[in-house]
Amino acid sequence: MPRPIEALIHPAAMAHNLACVRAAEPDARLWAVVKANAYGHGIERAFEGLRSADGFALLDLAEAERIRALGWRGPVLLLEGVFEPRDLELCSRLGLWHVVHHSAQIDWLAAHKTQQPHRVFLKMNSGMNRLGFAPHSYRSAWARLEALPQVDEISLMTHFSDADGPRGIAHQVQSFVRHSEGLAGERCLSNSAAVLRHGSGALRNDWVRAGIISYGSAPDFPQRSAADWGLLPAMTLRSQLIATQDLQAGDTVGYGSSYTAGGAQRIGIVACGYADGYPRHCGTGTPMLVDGVRCSTVGRVSMDMLAVDLSLAPNAGVGSDVTLWGEGPGGALLGIDEVALAGATIGYELMCALAARVPVRVSDLQHHLSS
Ligand SMILES: Cc1ncc(COP(=O)(O)O)c(C=O)c1O
């Protein structure tokens, strides 16, 4: 028998989450962001759940080829554009749209021989200071692109650094609006946090870029949870108990003896460790479901195992079902964001870090999807 750990991917939950994006931004077209192998879910596995999107936004040519191989003929956007001139050949061949964020990318386009003019998304650095043209050079970059026969349509884009937090987006929107005023082209501004927290037509968004919400994690946890936003988990990580231990007062658990039992206590050993992608930084008290009952970890996470307190699940034993995140038996949900917070990280990282050794299966949520 293989080790009992597995990840389940839930396409219908992704479709539900995209419907939440549509409700929040009814007038915008929607990019499903599938970079990092669909945030760890697998592009091919996620495709059915996300195909109601208007396009797929991703990072590299290999991912774009995979989307085309699935039969997708609609828009595909390279979020960082091309990395070298010859990438433009594949853009022409596969009909890819691409971000232009620095002037060498314009030079490469100017030298590119193609029969098919490209659609580009011109990116402004409105304050994130990661990619994009400075606001004062944005207009001239637009004019250079506009003059190129290799370009047919220019969309205007920026990315928010604080859409999930107290600083908000107003300072970046102000800069973007001021320096793009009068320039023709569709606007593409919002990521997940902006869709949820600054949506409903507050901004001009012809396109929004929905990443993390598509996968059922809250961009602004712990202020709001995925459940608060009506999102459903697109991934469940589950395993089983492979041993139990009866502790006495003073007994310790795991490497470094970081947990000491205060009295008699029963614990379970779960077949899941940091080599499966479970964060090692999750200390004692991290939530987990055992047979659908909320319990918590004790001691340090090791490579292949971790320990859980069974005080609240006295009937659990070897073979009991453990939900590390996602949907448990009976429909109990454990948000990936709660586990991430306990490990001082974010849901994004846990999804993306699911280890290659974990078998993955597509299986929809057993509860929570009404139709
Ligand atoms: C340019 C760009 N747009 C959109 C996204 C999607 O962000 P989120 O997953 O927060 O929706 C990302 C992700 O990092 C990004 O880099």
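Whatever order the structure lists them in is the order used to number ligands and atoms, beginning at 1.
- Polar contact with ligand 1: absent for Met157 (N/O pair, distance under 3.5 Å).
- Taking the six-membered ring for Trp and the full ring otherwise, Tyr215 and Tyr348 have centroids separated by 6.0 Å or more.
- The shortest heavy-atom distance from Tyr39 to ligand 1 is under 4.0 Å.
- No close placement of the Trp142 and His179 rings is indicated, their centers lying 6.0 Å or farther apart.
- With respect to atom 11 (O) of ligand 1, the closest heavy atom belonging to the protein is Ser192 OG, 2.5 Å.
- Atoms of ligand 1 lying under 4.0 Å from any heavy atom of Tyr348, numbered from 1 in the order shown and given with element: 8 (P), 9 (O), 10 (O).
- Between the side chains of Ser126 and Ser175, no donor-acceptor pair of N or O atoms lies under 3.5 Å.
- Under 4.0 angstrom from ligand 1, the non-hydrogen atoms of Arg130 all belong to its side chain.
- At a threshold of 4.5 Å between side-chain heavy atoms, the hydrophobic network of Ile, Leu, Val, Met, Phe, Trp and Tyr places Leu334 and Phe221 in two separate groups.
- Residue contacts with ligand 1: Glu80 is excluded, as none of its non-hydrogen atoms falls under 4.0 Å.
- Where the criterion is an N or O separation shorter than 3.5 Å, residue side chain and backbone included, Ala210 fails it with respect to ligand 1.
- Using the six-membered ring where Trp is involved, Tyr278 and Trp325 have ring planes that are parallel, under 30° apart on the 30 and 60° scheme.
- Proximity of the aromatic rings of His368 and His16 is defined here by a centroid distance below 6.0 angstrom, and this criterion is not met.
- The closest heavy-atom contact to atom 14 (O) of ligand 1, among the options Lys123, His159, Lys35, comes from Lys35.
- Taking the centre and axis of the six-membered ring of Trp229, the NZ or CZ atom of Arg224 falls inside the cone set by 45° and 6.0 Å.
- Per-residue contacts place Asn191 under 4.0 angstrom from the following atoms of ligand 1 (heavy atoms of the residue considered): 7 (O), 11 (O).
- The proximity of Arg209 to ligand 1, defined as any non-hydrogen pair under 4.0 Å, involves the side chain as well as the backbone.
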